[in-house]
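Only one structure is covered here, and it is reproduced in the block below.
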Amino acid sequence: MSTTEAKPRPTGPNNPGPRKSRPLKRLKSFGRRWWHQLTSMRTALLLLLALALAAIPGSTFPQRSVSPTDVDGYYTEHPDLAPFLDKLWAFDVYTSPWFSAIYLLLMVSLVGCIIPRLRVHLKALRAAPPQAPKRMEILPYHRSLAAGANQGRARAVLKQRRWRHVVREDDDGTVTVAAEKGYLRESGNLLFHTSIIFILVGVAVGSLFSWYGNRILSEGAASGFCNNLQQYDDYGLGAYVDETDLPRFCLQLDSFKAEFTDGGPTAYDAQVSYENEDETGSYNLRVNHPLSFDGTDVFLIGHGYTAVVTYTDRYGNTQTARQPFLAMDAALNSEGAFKFPDANYNPDTGEVDQDAETGFDAILVPTYDDSTQMLIGSEPELNNPVLALTAYQGNLGLADGQPESVYSINEDQIASGNLDQLNDEVEVIGVGDTMELEDGSSLSFDAVEQYAVLQVRHDPGGPIVLAGAVILLTALLPTLAVRRRRYWIRWNPDGTVETAGLGRNDFDGLDEECDELTALIAPDFEPPGQTESDADEPIGSKS
Amino acid sequence: MTGAEAANALFVATILTYAAAMFAYALEYAFDKRASKAVGEKELVAAGNAVIDRGTSADSADSGAESAPITPSAARGAGRIGLVLTFLGTAALAASIITRVVYTGRWPWGNMFEYTVGVALAGMVTWLVLVSRGTVPRRLGLFATFAVTMVLGTSVRVYTEAGPLVPALDSYWIIIHVTAAIAASGILLIGCVFAILHLIKRRYDRQVSDGKPIRFPLNIAERLPDATALERLTFKIHVFAFPLLTFGIFAGSVWAHFAWGRYWNWDPKEVWAFIAWVVYAAYLHARVSGKSMKANAPWIAILGYAVMIFNLTAVNLVFDGLHSYSGV
Ligand code: HEM
């Protein structure tokens with residue numbers, strides 16, 4: 001079937017029609033013309049290429065849906081360009097109006113393509129194979145036999161080889177057997193194209209009804225959490241998700257092990273315990289082995305180190321901080337900060353000393369090599385962990401209500417002079433060591449623990465997409481592998497017999513197959529040698 | 001010699017063997033005048049299960065043969081040697097990969113080097129299957145060994161010591177997903193070679209029918225099979241590879257669900273795999289969208305492979321994404 005052929009139009013230069021066609025009619029014909037244009041194969045092809053082109057910017061610019069922090073990073077790096085790009089949806093390519101427009105047009109084109117083909121195909125599935133053309137010799141395969149073809153044998157052979165066939169007798173005594181095979185190709189093709197729509201529906205359901213949350217979970221009961229948006233470091237909610245409907249469960253990380261070989265991680269192993277509804281249990285959570293709470297999956301997607309430090313303020317009060325650090329590189333050199341806004345509480349005044357809030361910017365180096373000048377280590381294992389610290393005192397700027405990173409000290413406060421940097425050179429301390437500050441307070445490095453990065457996700461569109469993809473794959477094989485072809489055998493009134501064949505798509509071996517059939521039907525038939533009918537005109541290319 | 005050294009030695013042996021094979025094929029291609037323009041159109045026609053070049057006419061007394069440095073039969077002998085060398089080189093390549101497997105104790109697709117070597121193997125196996133089935137004439141091995149040797153040469157630039165896998169790769173999905181991707185890439189490599197050969201031959205035919213002079217490099221096309229046959233073979237190879245590519249992307253997406261918590265992340269690798277898939281779908285459509293579009297189809301196929309190469313090289317080395325396993 002070719003959708004590119006122009007259909008005769010109701011009005012046009014060659015078909016004068018009523019002169020005063022009413023606007024409605026004109027609109028209709030205009031609409032029909034555009035509909036034909038849109039559902040033509042050529043348009044589908046151009047839309048496919050346009051879709052490929054439109055997907056490119058999504059790989060060159062950071063995407064909000066993937067990593068909002070990278071988008072922020074882009075804003076700081078290119079302050080002039082970023083707002084402009086943002087107006088063009090460069091950071092939301094796959095939800096942008098232009099990307100959506102292309103794939104929606106493609107979908108419309110697809111539906112417009114599928115429906116008429118489906119109608120034709122359903123009819124063809126029920127109908128008998130069509131009559132042979134009068135002049136059979138115009139067909140790509142054609143043989144004239146002297147005689148010797150038996151009608152009963154023809155039917156038996158075709159039946160045995162599973163050709164759908166029909167016998168027709170004309171008034172003049174001509175008998176034709178028409179046979180066709182390979183309907184599965186079109187069935188597969190239609191199913192394949194439909195499955196694409198199926199997948200898109202699944203994706204749409206996913207974007208409306210899914211939610212996810214990411215959470216850094218340190219070891220120990222104290223760090224456990226329950227499923228609740230406030231508990232996530234970042235999260236996303238589909239448009240139709242009510243956050244009060246999230247399933248109830250709680251998780252804690254009992255232990256975490258990372259195995260390393262030759263400086264690279266080879267296995268992460270998280271032992272978690274959970275509680276949901278009225279059930280408790282434990283699970284060995286690993287990469288590629290998520291934990292499922294009916295429809296909601298918990299994935300282990302990364303890990304890192306938590307530094308445990310104790311700050312002893314100038315009045316001798318201590319507080320312990322467990323601070324997850326963010327990896328900066330593959331060797332897990334990580335950055336983080338410790339903030340003690342309520343330290344240095346003066347028992348005499350009953351208040352925190354003015355400008356005595358204390359904070360530390362820190363780099364955690366898992367394997368520090370003190371034989372070199374380099375601070376940054378090259379191995380991710382905890383062989384000689386150190387903290388490289390810079391201390392600040394003053395106003396940490398936490399009270400202004402602005403959200404801020406827990407992984408660094410607010411730079412604006414340093415720039416504005418509200419925070420004083422206490423040491424010019426970073427101080428490197430190992431586990432068990434202490435950094436002393438001038439005011440008599442100190443920070444001691446107690447231990448390094450591990451944390452796991454979890455992603456909790458619920459996506460009801462997933463199973464739909466999966467089903468669609470499985471259908472797509474299964475339907476693709478017959479679409480491409482099955483050959484659709486027709487075969488005719490005709491007994492002319494003059495006693496001669498002709499056979500003919502037609503491939504309805506482009507494939508090799510039509511002559512061989514038809515000759516074989518002919519030979520089975522007419523045992524005297526000798527297939528001619530090499531012929532060239534097959535290749536110099538790719539048959540069925542117009543399908 | 002350690003396992004890694006043995007693997008590397010076999011790898012070097014492969015490249016040298018392929019280079020020698022290429023030279024042998026070049027002799028056959030240039031000096032076996034048998035299948036040149038002297039042969040009638042009939043032999044060039046793809047009939048039945050597609051021997052696209054039979055070269056039956058024993059036209060060894062071709063006038064050009066006298067001035068040629070070697071005789072046509074010697075040239076054919078060189079071609080046979082080339083084929084044997086191709087088999088040997090491919091065996092060495094497979095042995096190199098197996099040695100790596102034994103040495104590392106894991107599936108051999110863990111970094112960009114190993115991936116590229118896998119593509120080369122898949123491409124060469126595809127070629128050898130085509131030759132063994134008589135689908136393509138032996139002398140075209142010149143182009144296949146050239147393409148595969150280029151791929152191997154590229155892989156050297158991203159050579160990585162055989163080492164263990166990062167946790168996300170430690171899954172049986174690596175076998176499924178990466179093997180499918182490698183097989184598809186290798187087959188499509190050969191498909192791309194044929195698309196290019198078709199375009200060269202088509203151009204050559206047009207020059208000839210326009211009566212224009214044929215200059216280097218177009219004169220190599222003289223010895224190529226019929227343009228239509230080349231186009232159909234290009235199509236068949238792509239039809240075979242497309243479901244594999246589709247399956248590879250599908251398996252990757254299932255794996256992404258388990259490893260990263262999301263079946264589709266629009267990570268640069270995924271974006272470019274999507275683009276490649278869409279371009280190849282466009283190729284399949286172009287072939288049935290009328291004459292002018294069909295003429296453009298080989299260009300779309302080549303564009304598709306350009307996207308594949310980009311996805312393997314630039315996306316691994318330049319972009320920053322979840323697929324940062326290249327080890328480079
Ligand atoms: C998301 C977009 C689409 C994709 C990914 C896609 C993919 C495919 C694939 C892989 C094939 C098999 C190629 C072959 O049989 O040789 C195919 C065939 C086909 N497609 Fe599409 N298609 C899409 C959209 C469309 C649209 C919009 C139309 C309607 C104009 C269309 C019409 C056809 C037809 C008629 C065939 C059969 C070609 C033949 O005779 O072999 N497709 N498509």
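Just the heavy atoms: all of them, side chains too, but no hydrogens, waters or symmetry mates, feed the values below. Each chain gets a letter, A, B and so on, in the order its sequence line appears, and its residues count up from 1.
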[X] versus [Y]: any side-chain heavy-atom pair under 4.5 Å?
{"X": "Val239(B)", "Y": "Phe507(A)", "answer": "no"}
{"X": "Trp272(B)", "Y": "Ile56(A)", "answer": "yes"}
{"X": "Tyr94(A)", "Y": "Val271(B)", "answer": "yes"}
{"X": "Tyr263(B)", "Y": "Asp459(A)", "answer": "yes"}
{"X": "Pro243(B)", "Y": "Leu473(A)", "answer": "no"}

Could you walk me through whether Leu45(A) and Ile300(B) pass the side chain to side chain contact (heavy atoms under 4.5 Å, CB included) check? CA-CA 11 Å; Leu45(A) 171 62; Ile300(B) 300 180; 4.2 Å; yes
Rounded to the nearest 0.5 Å, what separation is found between the [atom1] atom of [X] and the [atom2] atom of [Y]?
{"X": "Trp277(B)", "Y": "Leu48(A)", "atom1": "CH2", "atom2": "CG", "result": "8.0 Å"}
{"X": "Met293(B)", "Y": "Leu46(A)", "atom1": "CE", "atom2": "CG", "result": "5.0 Å"}
{"X": "Leu53(A)", "Y": "Ile275(B)", "atom1": "CG", "atom2": "CD1", "result": "8.0 Å"}
{"X": "Arg232(B)", "Y": "Asp508(A)", "atom1": "CZ", "atom2": "CG", "result": "4.0 Å"}
{"X": "Leu476(A)", "Y": "Leu244(B)", "atom1": "CG", "atom2": "CG", "result": "10.0 Å"}
{"X": "Asp267(B)", "Y": "Ser59(A)", "atom1": "CG", "atom2": "OG", "result": "9.5 Å"}

Which bit of Gln455(A) is near chain B, if near means a heavy-atom gap under 4.5 Å: side chain, backbone, both or neither?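 For Gln455(A), the side chain is the part near chain B, not the backbone.
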Evaluate the side chain to side chain contact (heavy atoms under 4.5 Å, CB included) criterion for residues Phe299(A) and His257(B): first the C-alpha distance (whole Å), next the side-chain angles of each, then the deciding distance (0.1 Å), finally the verdict. CA-CA 9 Å; Phe299(A) 300 92; His257(B) 167 78; 3.7 Å; yes
Would Phe247(B) and Leu472(A) count as a side chain to side chain contact (heavy atoms under 4.5 Å, CB included) here? Give the steps. CA-CA 10 Å; Phe247(B) 177 74; Leu472(A) 181 143; over 6 Å; no
Please report the closest heavy-atom contact between Ala259(B) and Ile301(A), naming both atoms and the distance.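 In this case the closest contact between Ala259(B) and Ile301(A) is O-CG2, 3.9 Å.
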Closest approach of Arg42(A) to Ser292(B) (non-hydrogen atoms, all atoms of both residues):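 Closest heavy-atom pair between Arg42(A) and Ser292(B): NH1-OG, 3.5 Å.
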Is the count of non-hydrogen atoms from other residues, nucleotides or ligands lying under 6.0 Å from Tyr74(A) atom OH greater than 12?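 Correct, the count exceeds 12.
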Tell me, out of Val93(A), Val465(A), Leu477(A), Leu49(A), who's got the most heavy-atom pairs with chain B below 4.5 Å.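 If we count pairs closer than 4.5 Å to chain B, Val465(A) comes out on top.
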Go through the steps for Leu51(A) and Phe274(B) under the test side chain to side chain contact (heavy atoms under 4.5 Å, CB included), then give the verdict. CA-CA 10 Å; Leu51(A) 188 69; Phe274(B) 171 78; 3.6 Å; yes
